[in-house]
Amino acid sequence: MKNIVILISGRGSNMQTIVQKCKAEKWDARISAVISNRADAAGLQFAQEQGIPTAVVSHKGYPDRESYDQSLMAVIDSYRPDVVVLAGFMRILTAGFVEHYMGRLLNIHPSLLPNFRGLHTHQQAIDAGVRIHGATVHFVTPELDGGPIIAQAVVPVMPDDDEDTLADRVLEQEHRIYPRVVKWAVDGLVSMDDDGQAVLAPEVVGGLEFVLVGGGL
Ligand code: GAR
């Protein structure tokens with residue numbers, strides 16, 4: 001049975017869907033721990049209610065990113081993870097951290113990468129006037145929001161959208177694609193090759209359908 005460790009910073013809705021799907025679909029995996037850099041992350045309570053071990057590794061009080069990431073790695077590694085899932089973990093990670101987990105470290109970003117890296121992605125999309133937007137699940141590499149793309153979901157941008165309505169539409173799709181990709185990782189159906197490309201097993205390539213939701217299209 002594979003060990004999944006999930007890192008959060010806040011609400012944890014992506015973490016919740018992964019926990020729920022893991023249980024409902026009887027994955028050959030367990031959520032070994034949910035770890036937050038913030039003690040007030042709302043998602044921690046959900047994890048505790050599910051009987052999942054939780055840990056808080058606060059980023060406060062560390063002199064630099066390297067020393068924080070070393071402490072975080074020690075906690076993560078105590079759970080012997082096969083897959084490490086960043087689910088709204090709002091920290092820039094050091095190269096040492098990323099290299100340690102390379103090929104088993106996943107992230108979801110709320111945009112169609114390589115567009116709109118960083119923060120406020122929904123406002124960035126509205127400001128850019130794009131008609132489609134979405135979410136991306138990718139392997140994490142030292143380049144911020146730059147790792148190889150595994151799956152994307154697409155939604156329309158509607159004329160009356162604001163940051164919140166667009167975020168809600170994207171989040172719904174995040175909850176569809178992220179559990180699916182985590183399961184692929186658990187089942188060994190997705191990997192990162194030596195050239196830093198995501199490689200999908202033939203049986204899951206068909207799982208990358210476009211998702212268009214909302215009225216008017
Ligand atoms: C999600 O929208 C996720 O894509 C985003 O934070 C939100 C977390 O929500 N992640 C990033 O912006 C990473 N750069 P959640 O805590 O409810 O899963």
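Both ligands and their constituent atoms are indexed starting at 1 by order of listing. Just so it is clear, the values below take in all heavy atoms, side chains as well, and ignore hydrogens, waters and symmetry mates.
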Identify the closest protein heavy atom to [atom]: which residue and atom is it, and at what distance?
atom	answer
atom 15 (P) of ligand 1	Ser13 N, 3.4 Å
atom 12 (O) of ligand 1	Pro110 CD, 3.4 Å
atom 9 (O) of ligand 1	Arg11 NH2, 3.1 Å
atom 1 (C) of ligand 1	Glu174 OE1, 3.2 Å
atom 14 (N) of ligand 1	His109 ND1, 3.6 Å

Using only atom types and a distance under 3.5 Å, with no angle test, would you say the side chain of [X] pairs donor to acceptor with the backbone of [Y]?
X	Y	answer
Thr136	Ser111	yes
Gln124	Leu119	yes
Thr121	Pro110	yes
Asn3	Arg80	yes

Checking heavy-atom distances from atom 16 (O) of ligand 1 to each of Ser9, Gly88, Gly12, the winner is Gly12

Point to revise | Gln16 near ligand 1 by a heavy-atom separation under 4.0 Å | key: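 Gln16: no contact with ligand 1 (<4.0 Å).
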
Sub-4.0 Å heavy-atom approach of Ile8 to ligand 1: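 Heavy atoms of Ile8 never come under 4.0 Å of ligand 1.
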
For residues Ile76 and Leu7, determine if any side-chain heavy atom of one lies less than 4.5 Å from a side-chain heavy atom of the other.
-> yes

Please give me the minimum heavy-atom distance between Val19 and Ile6, naming the atom from each residue.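 Here Val19 and Ile6 meet closest at CG2-CD1, 4.5 Å.
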
Item to check | Which of the ligand 1 atoms, numbered from 1, are nearer than 4.0 Å to a heavy atom of Ile108 | outcome: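 Atoms satisfying the 4.0 Å criterion: 4 (O), 10 (N), 13 (C).
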
Item checked: Glu143/Arg117 ion pair, N-O < 4.0 Å ->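 Result for this pair is yes, salt bridge flagged.
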
